[in-house]
Amino acid sequence: MNTYDQIIQLALERGFYFPSSELYADASAGFWEYGPNGVKIKNKFLDLWRRELVRRDNMIEIDGSQIMSKSVFAASGHLSNFTDPVVKCKKCASSFRADKLVQEVANIDVPERMANESVDKLIKEYNISCPLCKGELSNAERFNMMFKVEIGPNHDEAYLRPETCQSIFVDFSRIFKVSRGKLPLGIAQVGKSFRNEISPRQGLLRLREFYQAEIEVFCNPSKLDDLNKFDGIKNTILRFYDDRIIEISVEEALHKQIIPNKLVGYYLALLVEFFERTGIDKKRTRLRKLSDEEKAFYSTVAFDFEVDTSIGWLELVACNYRSDYDLKSHSTISKTNLEVMDDEVKVLPHIFELSLGVDRCIYSIMEHSYFIDRENDDRSVLKLKPYLSPIHAGVLPLLKKPGFKEKSSKLLAQIQKDFDVFYDEAGSIGRRYRRLEEIGTPFAFTIDHQTLEDDTVTVRYRDSMKQERIKIDDANSFLFTNVFTYENK
RNA sequence: GCGACGGUCGUCCAGUUUGGUCUAGGACAUCAGAUUGCCAAUCUGGUAACCCGGGUUCAAAUCCCGGCCGUCGCACCA
């Protein structure tokens, strides 16, 4: 069984995540739910994201609507560009990307945005048939990956947002004013996005409804290298991939023009430092500069932050320099001037975006944390960072005898307002330790005979299995110190 | 969306070839009790499943059709 299957099994058995609506046979693919443990790890992951990116860089966070008007997506380009021209074989019903098919067979350049009629014309002209069965092809159709919804009794057309960032763009003007913003300004948002994927697969890795944590940095395009805070991260090591991995400091990467300017370098560094805190193995991550073919339609420079998993390299964060694409077209379509003042000069800000897929991150963290301890009965341990663990600590009475439960309850009440704790008295003590470490609980407090005498408990560490004694009164400070530290114990 | 294969307790699997013995079995997990008392111990007992719909048949987990889901390949991945 590979690691991916083991993680899925753990997720199902222990309530991290599971398919949505599974009670019913008509449940569609691409929708998954977070169970009790999954929600906790997701919330803690987002706490870390806020701490390491939003707060660290004094960003602003908003929470926008999931349903947005048609005009938003007319301006964003999603109505016209978020589609692929598709032709179907009338005989065997296979479908193909029309532009790619024509390009291959006729050996001519076909722009992706070519009108359907022009594509049809080319198919006739070059007498193109189904590559599989030689059957006749249908006319080209556009498959739009946005979910359309109808508003009110008149069925007004609107869409579920395919990316969270559009809220940030359309709200930008007001946010900038009310927060007395100054460029560069990061605006962040966590929320759900919706894409009608043709074939969603692999659990959390490709969903039709998924969480994004996005950061849009609004900046003055003429001041991309005018950034004092760059000095704070210039020595941070980035791992770039292009045929092979290059480990290089941000400053060096700037000199070698791997990154275009200080602003991009600064935010890539913040991102990389954030991921170092998640428990994802840095040696199994890379930044990959995208070629022109791979880039999204709105992007001028793009890096993907990728992580190596048991099923290959996985894109976790798309880092796009979107220039003024978004504000310019929102400005045009809405007929609103979205320029702001920067040092007495009017500018239409450019945008550098860090668009993070939360669900994929959760999966990757679980996979990189999953550990089979060959030296200790092959126990399975989720070596999550303590601040990401669904449960911070277990409270375990060694015996089911008078006195033990009372002491346990006292300890429980004392720490559960500040921490996620789990009380367990069922089964042997070893069994209870194993249950806790399987879901990543870093600490277990055990109430034993000595507790009844001197109000001390043992703390058992998940990774080392070592124990030490502390006073019950010190349990909170122990947890504050050990849960939120970046050091591993 | 196409093709191949598959779908049985929470999880993993047996049972389907050849319809009846399946009132659906096991392991792990889980719950209750007993016992033990610091690393998955033992014993007893319990909960718990044939993906959905239709068809064939005296009889369907088993055969047929459709749908849904999953894995893999192709295509797709803004």
Side-chain angles (χ1 to χ4, degrees), chain A residues 1-2 4-6 8-15 18-31 35 73 76-89 91-98 100-101 112 130-133 135 141 143-146 161-163 165 193-203 205-208 210 294-299 302 304 311 314-315 318 320 355 357 373 376-380 396-401 404 426-438 444 446-450 457-458 460-462 464-467:
Chain A
M1 189 153 62
N2 67 26
Y4 175 80
D5 293 327
Q6 286 172 321
I8 279 275
Q9 189 169 333
L10 178 66
L12 292 172
E13 280 181 343
R14 298 297 181 199
F18 46 85
S20 175
S21 313
E22 57 182 344
L23 211 50
Y24 291 100
D26 63 349
S28 295
F31 300 95
F73 301 111
S76 72
H78 286 90
L79 269 180
S80 50
N81 289 329
F82 204 52
T83 61
D84 296 318
V86 174
V87 288
K88 279 191 181 175
C89 171
K91 198 170 143 197
C92 72
S94 302
S95 51
F96 306 92
R97 271 284 292 272
K100 292 200 169 172
L101 187 64
E112 193 182 313
C130 172
L132 296 182
C133 74
E141 280 178 23
F143 177 72
N144 194 302
M145 307 216 354
M146 285 195 294
R161 60 184 180 186
E163 54 181 13
C165 57
S193 290
F194 305 83
R195 293 175 193 178
N196 201 354
E197 295 280 356
I198 294 173
S199 58
R201 269 178 202 184
Q202 292 176 317
L205 304 187
R206 243 174 102 195
L207 296 161
R208 287 188 165 127
F210 59 100
E294 288 178 296
K295 283 186 309 203
F297 60 84
Y298 45 69
S299 183
D304 275 354
I311 50 173
L314 192 64
E315 174 193 340
N320 295 304
S355 173
D373 187 352
N376 291 289
D377 307 324
D378 290 351
R379 68 184 183 129
S380 95
L396 316 173
L398 186 62
L399 305 182
K400 272 192 207 172
K401 284 189 179 164
F404 289 81
S428 75
I429 191 71
R431 167 134 222 80
R432 285 177 272 163
Y433 289 146
R434 299 291 162 90
R435 270 197 290 244
L436 285 170
E437 61 202 14
E438 191 179 18
T446 305
I447 288 81
D448 58 15
H449 294 97
Q450 197 180 328
V457 292
T458 63
R460 185 255 194 190
Y461 294 89
R462 174 193 68 197
S464 65
M465 297 170 70
K466 287 191 178 131
Q467 294 191 2

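Excluded from the calculations below are hydrogen atoms, water molecules and symmetry mates; all remaining heavy atoms, backbone and side chain alike, are included. Values in this document were obtained by computation on a predicted structure and should not be read as measured data. Just so we're on the same page: letters track the sequence lines, and every chain starts at 1.
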Item checked: Test item: R432(A) side-chain N/O and P397(A) main-chain N/O as donor-acceptor pair under 3.5 Å -> yes
Check: Nearest 0.5 Å, what's the CD-OH distance between Q202(A) and Y4(A)?
Finding: 5.0 Å
Check: Please give, in whole Å, the distance from G37(B) P to R432(A) CZ?
Finding: 14 Å
Note to self: Taking the basic N atoms (NZ, or NE/NH1/NH2) and the acidic carboxylate oxygens, is any pair closer than 4.0 Å for E437(A) and R460(A)?
What the structure shows: yes
Margin query: Is it the case that C76(B) (base atoms only) and R206(A) (side chain only) share a donor and an acceptor within less than 3.5 Å, ignoring hydrogens and angles?
Written below: yes
Next item on the list: With RNA chain B as reference, determine whether L12(A) or R460(A) sits nearer its 5' end, using the nearest nucleotide of each.
Entry: L12(A)
Checklist line | Between G10(B) and U30(B) - P atom distance, rounded Å | finding: 15 Å
Note to self: Please report the distance separating the P of G7(B) from the corresponding atom of C51(B), rounded so that it comes out in whole Å.
What the structure shows: 8 Å
Check: Can you tell me how far P of C39(B) sits from CG of L396(A), to the nearest Å?
Finding: 14 Å
Notebook entry, point to check: Looking at G35(A) and F18(A), what are the two nearest heavy atoms and their distance?
Noted result: CA-CE2, 3.7 Å
Check: Closest to the K400(A) side chain: A40(B), C69(B), G33(B)?
Finding: G33(B)
Check: Does any N or O in the side chain of R208(A) come within less than 3.5 Å of the main-chain N or O of A29(A), such that one atom is a donor and the other an acceptor?
Finding: yes
Check: Out of A40(B), G70(B), U11(B), which nucleotide sits closest to the side chain of R434(A)?
Finding: A40(B)
Margin query: Nearest whole Å is fine: how far is C77(B) C1' from E163(A) CD?
Written below: 14 Å
Check: Quick one: CG on L396(A) to CZ on R435(A), what's the gap to the nearest 0.5 Å?
Finding: 9.5 Å
Note to self: Can you identify which nucleotide, out of U11(B), A75(B), G37(B), has its nearest atom closest to the S199(A) side chain?
What the structure shows: A75(B)
Next item on the list: Determine yes or no for a side-chain-to-main-chain donor-acceptor pair under 3.5 angstrom, with S21(A) supplying the side chain and Y24(A) the backbone.
Entry: no
Margin query: Roughly how many Å apart are C2(B) and U18(B), using the C1' atom of each and rounding to a whole number?
Written below: 34 Å
Next item on the list: Have a look at S380(A) and say if it touches a base, only the backbone sugar-phosphate, or nothing, with a 4.0 Å heavy-atom cut-off.
Entry: base
Checklist line | Selection from U11(B), G67(B), C39(B) that lies nearest to any side-chain heavy atom of Y433(A) | finding: C39(B)
Next item on the list: Could you give the distance separating A60(B) and G20(B) at their P atoms, to the nearest angstrom?
Entry: 11 Å
Note to self: Is there, by distance only and without an angle test, a donor paired with an acceptor across the side chain of D448(A) and the base of C38(B) below 3.5 Å?
What the structure shows: yes
Margin query: For G3(B), give the paired nucleotide (Watson-Crick: N1-N3 plus N6-O4 or O6-N4; G-U: N1-O2 and O6-N3; both under 3.5 Å), or none.
Written below: C72(B)
Note to self: Return the pairing partner of U44(B) with a 3.5 Å limit on both distances, Watson-Crick or G-U wobble; otherwise return none.
What the structure shows: A32(B)
Notebook entry, point to check: P atom, A29(B) versus A41(B): distance in rounded Å?
Noted result: 8 Å
Next item on the list: Please tell me which of the listed nucleotides, G37(B), U11(B), G67(B), lies nearest to the side chain of L399(A)?
Entry: G37(B)
Note to self: Could you identify the nucleotide paired to U57(B), looking across every strand shown and requiring Watson-Crick or G-U wobble geometry with both distances under 3.5 Å?
What the structure shows: none
Checklist line | C1' atoms of G26(B) and A14(B), separation to the nearest Å | finding: 7 Å
Check: So, is S428(A) near the phosphate of A41(B), with a side-chain N or O under 4.0 Å from OP1 or OP2?
Finding: yes
Next item on the list: Compare side-chain N and O positions of R431(A) against OP1 and OP2 of A29(B) and report whether any pair is under 4.0 Å apart.
Entry: yes
Next item on the list: May I ask which nucleotide in the shown strands pairs with U21(B), Watson-Crick or G-U wobble, both distances under 3.5 Å?
Entry: none
Margin query: Please give the distance between the P atoms of G6(B) and C63(B) as a whole number of Å.
Written below: 10 Å
Check: Whole Å only: how far is the CD1 atom of I8(A) from the P atom of C69(B)?
Finding: 16 Å
Notebook entry, point to check: Within this structure, what is the CD1-to-P distance between I311(A) and G73(B), rounded to whole angstrom?
Noted result: 11 Å
Check: When the P atoms of C22(B) and G15(B) are considered, how many whole Å apart are they?
Finding: 15 Å
Item checked: Pairing nucleotide - C39(B), Watson-Crick or G-U, each distance under 3.5 Å -> none
Note to self: Heavy atoms only, 4.0 Å cut-off, all strands: where does T458(A) land among base, sugar-phosphate and nothing?
What the structure shows: base
Notebook entry, point to check: Less than 3.5 Å between a donor and an acceptor, one on the side chain of R379(A) and one on the base of C39(B), is that the case here?
Noted result: no
Notebook entry, point to check: Does a distance-only test, which skips hydrogens and angles, find a donor-acceptor pair under 3.5 Å between the side chain of Q467(A) and the base of C38(B)?
Noted result: yes
Checklist line | Given C38(B), A29(B), C39(B), the nucleotide with the shortest approach to the side chain of R14(A) | finding: A29(B)
Next item on the list: Using the closest heavy atom to pick a nucleotide of RNA chain B for each, name whichever of H449(A) or R208(A) lands nearer the 5' end.
Entry: H449(A)
Checklist line | Nearest-nucleotide pick for Q9(A), side chain only, options being C12(B), C69(B), U30(B) | finding: C12(B)
Next item on the list: Indicate, with a heavy-atom threshold strictly under 4.0 Å, whether Q202(A) touches base, sugar-phosphate, or nothing.
Entry: sugar-phosphate
Next item on the list: Please tell me which of the listed nucleotides, C72(B), C38(B), C69(B), lies nearest to the side chain of R201(A)?
Entry: C72(B)
Notebook entry, point to check: Once you round it to whole Å, what is the distance between P of A34(B) and NZ of K401(A)?
Noted result: 12 Å
Note to self: As an exercise, state the distance from CG of N196(A) to CE of M146(A), rounded to the nearest 0.5 Å.
What the structure shows: 11.0 Å
Next item on the list: Just compare C31(B), C38(B), C69(B) and give me whichever is closest to any side-chain atom of R435(A).
Entry: C31(B)
Check: Atom CG of L23(A) to atom C1' of C69(B): distance rounded to whole Å?
Finding: 14 Å
Item checked: Rounded interatomic separation in angstrom, taking CG from L207(A) and P from C69(B) -> 14 Å
Next item on the list: Kindly say whether R379(A) contributes a backbone atom to a donor-acceptor pair with the side chain of D377(A) at under 3.5 angstrom?
Entry: no
